[in-house]
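The first residue of the sequence shown is numbered 1, and numbering continues consecutively from there. Not measured: the values here are computed from a predicted model.
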Amino acid sequence: MAEDLQHLIDKIRTEAVDKAKAEAERVVSDAKAKAAQIVKEAQAEAAAKLEKADKDSLAYTQRSEKTLEQAARDVVLAVGENVKKAVLGILELNTDKALTPELVQQILLTLANGYAGKKVTVSLSEEDAKKLNSFVIGQFQKKLGAGVDIQSDSGISTGFRLTFENGKVSHDWSREAIAEALSAILRPALAKAVQNAIKG
């Protein structure tokens with residue numbers, strides 16, 4: 001009887017130990033599987049974040065390059081515009097100096113040959129209208145062989161404008177028009193010079 005009881009106790013103990021061992025092994029196995037899953041998810045998340053960081057970095061680099069290119073274009077355009085203004089200013093200044101009353105008289109007499117017999121309106125700056133009034137209604141009108149009106153124009157600083165047929169046709173010999181015409185000729189050369197400066 002005592003042996004049966006001991007045998008029963010040993011059996012219960014063995015079964016409990018086996019059961020506890022199996023449970024412990026299952027817990028360890030589940031923990032390992034869970035840990036492996038956590039590591040796998042962490043690695044996937046880290047890889048995704050790294051890929052996103054690479055994409056963001058590439059996009060930022062591309063945006064930065066585009067911004068720099070646009071800034072460079074803006075600088076070139078601003079420099080080109082300032083050079084154009086400077087050249088136009090120099091041309092206007094030199095045109096001012098060149099368009100003396102004596103030169104204006106010579107040009108008008110030369111043009112009178114081409115417009116003989118046509119009534120003309122001569123527009124001048126207020127100062128030049130006073131200086132050249134007697135010449136225009138004298139020698140110029142005589143050579144033209146037709147009526148001449150003279151008027152002052154606040155839009156003209158030096159030079160003159162000839163108008164025919166009630167203002168339908170005009171020839172502009174003002175400082176501004178001559179400087180603009182010379183500037184148009186120089187623009188391609190200026191553009192080329194700016195491009196060469198950028199390349200060099």
Side-chain angles (χ1 to χ4, degrees), residues 61-200:
T61 301
Q62 289 171 341
R63 280 195 309 272
S64 297
E65 286 173 358
K66 285 180 184 173
T67 302
L68 283 173
E69 286 171 9
Q70 184 61 47
R73 277 194 296 270
D74 291 347
V75 167
V76 169
L77 290 174
V79 168
E81 191 59 33
N82 286 333
V83 168
K84 178 184 160 189
K85 285 179 184 174
V87 168
L88 195 56
I90 291 166
L91 290 173
E92 286 182 355
L93 181 66
N94 288 325
T95 305
D96 258 353
K97 291 176 183 176
L99 284 172
T100 62
E102 293 77 20
L103 179 61
V104 170
Q105 288 177 9
Q106 289 174 15
I107 296 170
L108 283 171
L109 288 174
T110 303
L111 291 173
N113 294 327
Y115 301 119
K118 294 182 181 173
K119 185 174 180 186
V120 177
T121 300
V122 180
S123 301
L124 298 154
S125 68
E126 191 173 334
E127 186 180 337
D128 284 347
K130 289 175 187 171
K131 288 179 185 174
L132 297 170
N133 187 48
S134 61
F135 165 79
V136 171
I137 58 173
Q139 289 180 11
F140 179 67
Q141 184 170 340
K142 184 177 177 185
K143 190 162 187 183
L144 190 64
V148 174
D149 290 330
I150 186 167
Q151 65 182 23
S152 61
D153 185 337
S154 60
I156 299 173
S157 55
T158 55
F160 62 93
R161 189 177 300 119
L162 294 182
T163 310
F164 308 90
E165 300 177 18
N166 299 323
K168 291 179 186 171
V169 179
S170 68
H171 295 282
D172 198 341
W173 289 77
S174 65
R175 171 193 80 167
E176 294 79 8
I178 293 170
E180 184 59 39
L182 291 172
S183 177
I185 294 167
L186 288 173
R187 279 187 196 128
L190 284 173
K192 188 174 180 182
V194 170
Q195 287 172 352
N196 287 341
I198 293 167
K199 291 176 187 173

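- A 4.5 Å side-chain heavy-atom check between Leu162 and Leu108 finds at least one atom pair inside the cut-off.
- Residue Glu180 holds its CD atom at 10.5 Å from CD of Glu176, rounded to the nearest 0.5 Å.
- The only option from Thr110, Leu111, Leu109 that meets the side-chain contact (heavy atoms from CB on, under 4.5 Å) definition with Ile107 turns out to be Leu111.
- Here the CD1-NZ distance, from Ile150 to Lys130, works out to 12.0 Å after rounding to the nearest 0.5 Å.
- For Leu132, the side chain to side chain contact (heavy atoms under 4.5 Å, CB included) partners at least two apart in sequence or on another chain are Pro101, Val104, Gln105, Leu124, Asp128, Val136.
- Judged as a ring pair (Phe, Tyr, Trp, His ring centres under 6.0 Å), and not counting sequence neighbours, the contacts of Tyr115 are Phe164, His171.
- When every heavy atom of Ser157 is checked against every heavy atom of Arg175, the shortest pair comes out as OG-NE, 3.1 Å.
- To the nearest 0.5 Å, atoms CZ (Arg161) and CD1 (Ile156) are separated by 4.0 Å.
- Of all heavy-atom pairs between Gly117 and Ala146, the closest is C-CB, 3.5 Å.
- For the atom pair CD of Gln151 and OG1 of Thr163, the computed distance is 6.5 Å after rounding to the nearest 0.5 Å.
- Annotation: side chain of Lys118 is not in contact with side chain of Leu144 (no heavy-atom distance under 4.5 Å).
- Considering only residues two or more places apart in sequence or on other chains, Lys131 meets the salt bridge (charged side-chain N to carboxylate O under 4.0 Å, His left out) condition with Glu127.
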